[in-house]
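Below is one structure; the comments refer to it alone.
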Amino acid sequence: MSRPRDEASRTASAVLLGGVGCALALIVLGLAAAAWRGEPLPQRAPPAAELLASAAAGRPAGLLSLGLAVLLATPALRVAALTWFFARRREWPMLAASGAVLAVLAFSIAAGRAH
Amino acid sequence: MDRSGRNARLKSVEGFLLIAASGALASLLGSLVGIGGGLILVPALTLGLGVPIHHAVAASLVSVIANSSMASIGYTRDEITNIRLGMTLEVATTLGAVCGGLAAAWLDRQALMLLFAAVLGASAVQLLLKGRRAEDALRREEPGRFGGRFHDAALAGEVSYAVRRLPGGLALSALAGATSGLLGIGGGPIKVPMMTVMMGIPMKAAAATSNFMIGVTACASAALYYGRGMMSPAVAVPAALGSLAGAWAGARLSPRVRDAHLTLLLSVILTLLALKMGLEAWRSA
């Protein structure tokens with residue numbers, strides 16, 4: 001197989017591993033915090049504006065919700081990383097494809113929030 | 001802690017484990033055949049565990065993303081995933097999903113569900129007839145621009161394949177995205193049969209590439225559920241953990257399973273989904 005595909009595979013695999021790893025670490029910390037405090041798992045996530053502060057304070061709801069947020073963002077981060085990869089390699093057709101996916105993703109999130 | 005407290009805790013631990021087990025099973029099957037597993041998980045959560053539907057759908061989206069991400073770590077590392085093809089088809093899928101989501105308010109849901117049930121049933125039959133006719137033999141085609149190569153552990157050799165009918169694949173990917181936006185389900189049940197039967201891609205590569213794509217499709221919807229406060233960590237966290245475990249197991253198991261067996265498994269799943277969709281459409285009449 002040609003080298004660019006190998007490196008694209010390594011890039012995608014590394015970003016996915018990093019995203020899943022960070023998410024898993026935050027979730028495990030959140031579960032440990034909940035067990036330490038003797039609290040049940042929260043039914044609601046804190047508001048987005050308070051998410052980082054809640055997680056930094058070691059609250060189970062903040063840690064668990066931040067872990068979920070990182071997990072949800074991982075596919076988008078993968079697309080962004082591959083966009084950067086194709087831009088560095090000047091693979092213009094693939095750069096156009098991955099850039100289009102990022103743009104549509106951003107549009108659909110923005111359109112949904114507007115509703 | 002009094003008895004009622006112990007019972008509540010036992011229930012919550014029991015509930016956690018049941019949700020995690022549901023996520024693991026859904027992701028194991030989903031990672032093997034390239035579908036998200038949400039179609040398995042949502043009924044398990046709502047009917048089996050009494051989880052409210054919006055929490056179940058949100059947890060299902062988390063499960064799909066966990067499945068997609070975890071399975072793709074192994075599949076991309078082993079270069080079974082066709083990244084170039086997946087990124088190209090993703091353009092059509094995401095555009096289709098946006099159009100489907102925007103059109104959902106104007107189209108008859110029952111008619112769409114019946115149509116989708118028919119498509120699933122036809123896909124299951126096509127897979128059985130055409131997908132299994134191709135023997136598990138090492139393919140040595142010149143990959144071309146969008147083809148790929150990977151080591152198939154079940155066949156103990158390298159498979160090299162070309163991609164056919166890309167324009168048709170793009171059109172069906174857009175349709176898969178549109179059904180995702182219209183019906184709120186993943187596009188894997190359309191994309192995997194499309195890639196194997198129409199585009200000539202080996203089942204393992206098709207499942208891996210579909211796994212690669214479905215996370216992106218679920219990402220936008222999941223962000224909406226999260227932003228609107230409809231994601232319950234009490235349900236989503238065990239679903240995520242179970243799904244990560246199931247996807248990890250599926251990605252390790254898949255290379256050792258023959259394509260013919262994966263095709264049969266997908267055909268059975270598609271048939272069951274077609275029946276379920278048809279029944280839901282009939283009940284909603």
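Below, each value reflects all heavy atoms present in this structure, side chains not excepted, and no hydrogens, waters or symmetry copies. Here the structure is a predicted model, which is why all the values come from computation and not from measurement. A note on names: the letters A, B, ... follow the listed sequences, proteins ahead of strands, and every chain is numbered from 1.
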Taking everything shown except Arg88(A) itself, do over 12 heavy atoms lie less than 6.0 Å from its CZ? yes
Residue Ser68(B) versus chain A: region with a heavy atom under 4.5 Å: neither
Heavy atoms of Val216(B) and Val79(A) approach each other most closely as CG2-CG2, 3.6 Å
Using a cut-off of under 4.5 Å on heavy-atom pairs, state which of Leu72(A), Leu71(A), Leu17(A), Val20(A) scores highest against chain B. Leu72(A)
Kindly compute the distance separating OG1 (Thr76(B)) from CG (Leu16(A)), expressed to the nearest 0.5 Å. 6.0 Å
If only atom types and distance count, is the side chain of Ser13(A) paired as donor or acceptor with the main-chain N or O of Ile73(B) below 3.5 Å? yes
Checking heavy atoms, do the side chain of Pro42(A), its backbone, both or neither come under 4.5 Å from chain B? both
Nearest heavy-atom neighbours spanning Tyr226(B) and Leu51(A): OH-CD2, 3.3 Å
I'd like to know which of Ile65(B), Leu61(B), Asp78(B), Val64(B) tops the heavy-atom pair count under 4.5 Å against chain A. Ile65(B)
One thing to verify: whether Glu90(B) and Arg78(A) come together as a salt bridge, which I'm taking to mean a side-chain N less than 4.0 angstrom from a carboxylate O. yes
Taking CZ in Arg44(A) as the centre, count heavy atoms belonging to other residues, nucleotides or ligands within less than 6.0 Å. Is the count above 12? no
Chain B: which of Gly67(A), Ala45(A), Ala103(A) shares the most heavy-atom pairs with it under 4.5 Å? Ala45(A)
Counting heavy-atom pairs closer than 4.5 Å to chain B, which one of Ala12(A), Ser65(A), Ser98(A) comes out on top? Ser65(A)
Tell me, for Ala69(A) versus chain B, whether the close heavy atoms (under 4.5 Å) come from the side chain, the backbone, both or neither. both
Working to the nearest 0.5 Å, report the span between CZ of Arg10(A) and CZ of Arg77(B). 13.0 Å
Intermediate values then yes/no, side-chain contact (heavy atoms from CB on, under 4.5 Å), Leu241(B) and Leu31(A): CA-CA 11 Å; Leu241(B) 291 176; Leu31(A) 290 173; 3.7 Å; yes
Residues which pass salt bridge (charged side-chain N to carboxylate O under 4.0 Å, His left out) with Glu50(A), listed by chain and number, not counting sequence neighbours: none
Based on non-hydrogen pairs under 4.5 Å, which of Ala234(B), Ser72(B), Pro233(B) is most in contact with chain A? Pro233(B)
Out of curiosity, Phe107(A) CZ to Thr94(B) OG1, how far, rounded to the nearest 0.5 Å? 11.5 Å
Distance check, rounded to the nearest 0.5 Å: Thr74(A) atom OG1 versus Met70(B) atom CE? 11.5 Å
Between Arg84(B) and Pro93(A), is there a side-chain heavy-atom distance shorter than 4.5 Å? no
Name the region of Ala100(A), side chain, backbone, both or neither, that has any atom closer than 4.5 Å to a heavy atom of chain B. side chain
Could you walk me through whether Thr81(B) and Ser9(A) pass the side-chain contact (heavy atoms from CB on, under 4.5 Å) check? CA-CA 8 Å; Thr81(B) 303; Ser9(A) 295; over 6 Å; no
Less than 4.5 Å to any heavy atom of chain A: does that hold for the side chain of Phe212(B), its backbone, both, or neither? both
Which heavy-atom pair separates Ala97(A) from Thr88(B) by the least distance, and what is that distance? CB-CA, 4.5 Å
Which of Ile27(A), Leu64(A), Leu68(A) touches chain B most, by non-hydrogen pairs under 4.5 Å: Leu68(A)
Output all residues satisfying side-chain hydrogen bond (donor to acceptor under 3.5 Å, both in side chains) with Tyr161(B), sequence neighbours left out; order by chain, then residue number. Asn82(B)
